[in-house]
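Everything on this sheet refers to the single structure shown next.
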Amino acid sequence: MIEGVGTVSGRAVDRSSGAFVLVLLVAAIAALGSVVLGGATVVLVFGLLLLAGIVARPHYGIALFLSTFLMTYPKALQGVGFLTPNNVLGMIFLVLLAYRVYRERDWSFLTTPEVQLLGFVVAMYYLSARLNGPDPHTLQLLGEQEMSAANMRIFVNRVAFTVFFIAFIRTPEHARMIYLVGLAFMVASALSGVQGVIQGGGLYGYRATTEARLVAAAYNPNRLAMLAVFSVAGLWYLRRSLVVPGLRTALVPAIAVMGLAVFMTASRSGLLGLGVCLAGILWDERVSFRALLNWLLGGLLAAVLVAQFVPERSLERITNLPGTQQAQVGEGAGSLERRGRAWEIAWELFRESPFLGVGMGNWEVARFLKDPARSTAAPHSSYLLALVEGGIFCLAGFLALLWRSWQNLRFAEQWMMWAPPSAVTDLLWIVKAAKVSLLALVFFSLFADLWQFVLLFWLVGLSVVVRRLVEADMQRSAYA
């Protein structure tokens, strides 16, 4: 009688010995193949090893999946057409998920409210493109291509990542690992931007970017500023979770450097987002004297770094905040004017078709036809972009998704703060960091197009997983 995977007739199977034999067998095949067929066999064998690793440890595969959205891979590994690393991983996880459903009869991932909300958003985008998209004849005259299908594939890919995240990240150790992977990418990107400015590079010669070396999306200085703000939250709560005083002190300079990265991007939304992040942390800390002392120390260090390393143009631009006189004539004034114009056009397009948008990816065509200047620049607001491309119900779906994620994190936080110590309560620092990061994301979404960026789906998946872990922990405590 087979009682489950890994057990036969009630006796546990030693998986480690089987894995060792498998590794030896694959190594022997690789050695023989490389002699007979050359280097192509080695590539194939490493691919098979990677596949075996994902099948055996799907949570590591999810971490690899996340990296395909964040990391800029060498050209040789980027794939061709639809044969890309994240598409291949998606197919592997689809097979694994189908097998899990067949074996366990567990469809709970489809009944998760967050997945249903994402499905609703996809449906609204699809209906908008089909029923209210740009006229094909007009596109032909303009020499443009309809972009809805391509952008929809990207969005569905991220939705699939969220489903796989929820299905395969099952334990506190998995949740900690996947959060640390994301945090490591964000910190590395911020450090890359700081290094570029110090060495005399950066966008326009003074604004920090990653130059597409790590997180490709962080080539935009505003997005890099957001990643640095997320890093501030993550490192702060990581520091709070450490018990060794020396390690806690060592993270203070790292947090200050993340703040420096925000200034080096010369991003005004980044500076305001940093303020939102710090306010969220101080509110969470109940503005204790100890927290204020720590922030004063970190702030003093950051001020010294800013004065020493941030270019004068960056300081001028980042302090020309909207509503001030300098914002009208100073560095970056043209950017504010263009954004204001884009928001006006977005609002006009929404008023023309409030219930169905123009379809995902069709903003550029819609704006080109509406704008007398024939500009195709982005609206620089996730809320307005959702309204224009998906309609009012699409925006409502996104808002419900953000609210649900916030509620998940708040639910988990409240239990972890008072529950008996366990592996689940050890995730409290991650829950607090994710909560502040989500708050910052909601703010940044006012000024940037972020709802196709994978970190939104990462936070949504993380919120679902930690809530599920907490609910299971509550049941164990009730029966204890």
Side-chain angles (χ1 to χ4, degrees), residues 117-156 158-159 217 220 222-223 226 268-269 272 322-323 327 332-403 441-453 456-457:
L117 285 169
L118 285 170
F120 175 76
V121 168
V122 169
M124 293 309 303
Y125 276 131
Y126 176 79
L127 290 174
S128 296
R130 293 287 294 179
L131 303 177
N132 197 43
D135 178 47
H137 181 64
T138 303
L139 291 175
Q140 186 176 7
L141 291 175
L142 293 173
E144 295 288 337
Q145 293 183 346
E146 205 270 342
M147 297 298 295
S148 183
N151 282 270
M152 182 65 80
R153 281 195 297 270
I154 294 173
F155 188 78
V156 170
R158 283 149 175 75
V159 173
N220 183 309
N222 296 316
R223 287 199 178 185
M226 185 186 73
R268 287 163 292 205
S269 60
L272 294 173
S335 174
L336 291 176
E337 183 180 350
R338 289 190 296 272
R339 287 190 182 220
R341 179 58 183 159
W343 289 7
E344 290 176 6
I345 293 173
W347 183 250
E348 291 175 13
L349 289 169
F350 163 67
R351 291 180 61 185
E352 290 178 0
S353 180
F355 300 108
L356 288 177
V358 298
M360 177 172 282
N362 291 327
W363 156 264
E364 292 185 359
V365 173
R367 175 171 181 177
F368 179 84
L369 295 173
K370 186 74 175 177
D371 190 351
R374 301 301 180 217
S375 172
T376 60
H380 296 293
S381 172
S382 300
Y383 303 96
L384 289 176
L385 188 61
L387 277 176
V388 173
E389 293 190 341
I392 187 67
F393 297 115
C394 180
L395 175 62
F398 273 118
L399 294 178
L401 180 68
L402 293 169
W403 176 250
L441 178 72
V442 169
F443 174 80
F444 273 106
S445 297
L446 290 169
F447 310 103
D449 313 319
L450 298 173
W451 290 350
Q452 277 205 31
F453 193 25
L456 167 63
F457 304 89

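In what follows, residues are counted from 1 in the order of the sequence shown.
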For this session: Could you tell me whether a side-chain N or O of Arg158 sits under 3.5 Å from a main-chain N or O of Trp451, the two making a donor and an acceptor?
Result: no
Problem set entry | Those residues that, when tested against Ser128, pass side chain to side chain donor-acceptor pair (under 3.5 Å) (two or more places apart) | none
Problem set entry | Closest approach of Pro379 to Ala342 (non-hydrogen atoms, all atoms of both residues) | CA-CB, 4.0 Å
For this session: Could you grab the distance from atom CZ of Phe393 to atom CG of Leu127, nearest 0.5 Å is fine?
Result: 11.5 Å
Exercise. Would you say the side chain of Leu118 lies within less than 4.5 Å of the side chain of Phe457, judging by non-hydrogen atoms?
Worked result: yes
Exercise. When you measure from the side chain of Trp363 to the backbone N and O of Ala377, does any donor-acceptor pair fall under 3.5 Å?
Worked result: yes
For residues 345-361, run the donor-acceptor check on the side chains, cut-off 3.5 Å, and write out each pair with its distance to 0.1 Å, sequence neighbours left out.
{"residue": "Glu352", "atom": "OE2", "partner": "Lys370", "partner atom": "NZ", "Å": "2.3"}
{"residue": "Ser353", "atom": "OG", "partner": "Asn132", "partner atom": "ND2", "Å": "2.9"}
{"residue": "Ser353", "atom": "OG", "partner": "Leu356", "partner atom": "O", "Å": "2.4"}

Exercise. How close do Leu446 and Trp343 get, heavy atom to heavy atom, and via which atoms?
Worked result: O-CZ2, 3.4 Å
Problem set entry | Heavy atoms from other residues, nucleotides or ligands near CZ of Arg341 exceed 12 (cutoff 6.0 Å) | yes
Exercise. Rounded to the nearest 0.5 Å, how far does CG of Leu450 lie from CZ of Phe398?
Worked result: 11.0 Å
Problem set entry | Pairwise side chain to side chain donor-acceptor pair (under 3.5 Å) hits with a residue in residues 371-398, at least two apart | Arg367-Asp371
For this session: Determine whether Leu456 and Leu402 make a side-chain contact, defined as any pair of heavy atoms from C-beta on separated by less than 4.5 Å.
Result: yes
Exercise. Which heavy-atom pair separates Tyr125 from Cys394 by the least distance, and what is that distance?
Worked result: CZ-SG, 3.5 Å
Exercise. Quick check: are there more than 12 heavy atoms from other residues, nucleotides or ligands sitting under 6.0 Å from OH of Tyr126?
Worked result: no
Problem set entry | Steps toward side chain to side chain contact (heavy atoms under 4.5 Å, CB included) verdict (Phe447, Arg339) | CA-CA 9 Å; Phe447 310 103; Arg339 287 190 182 220; 3.5 Å; yes
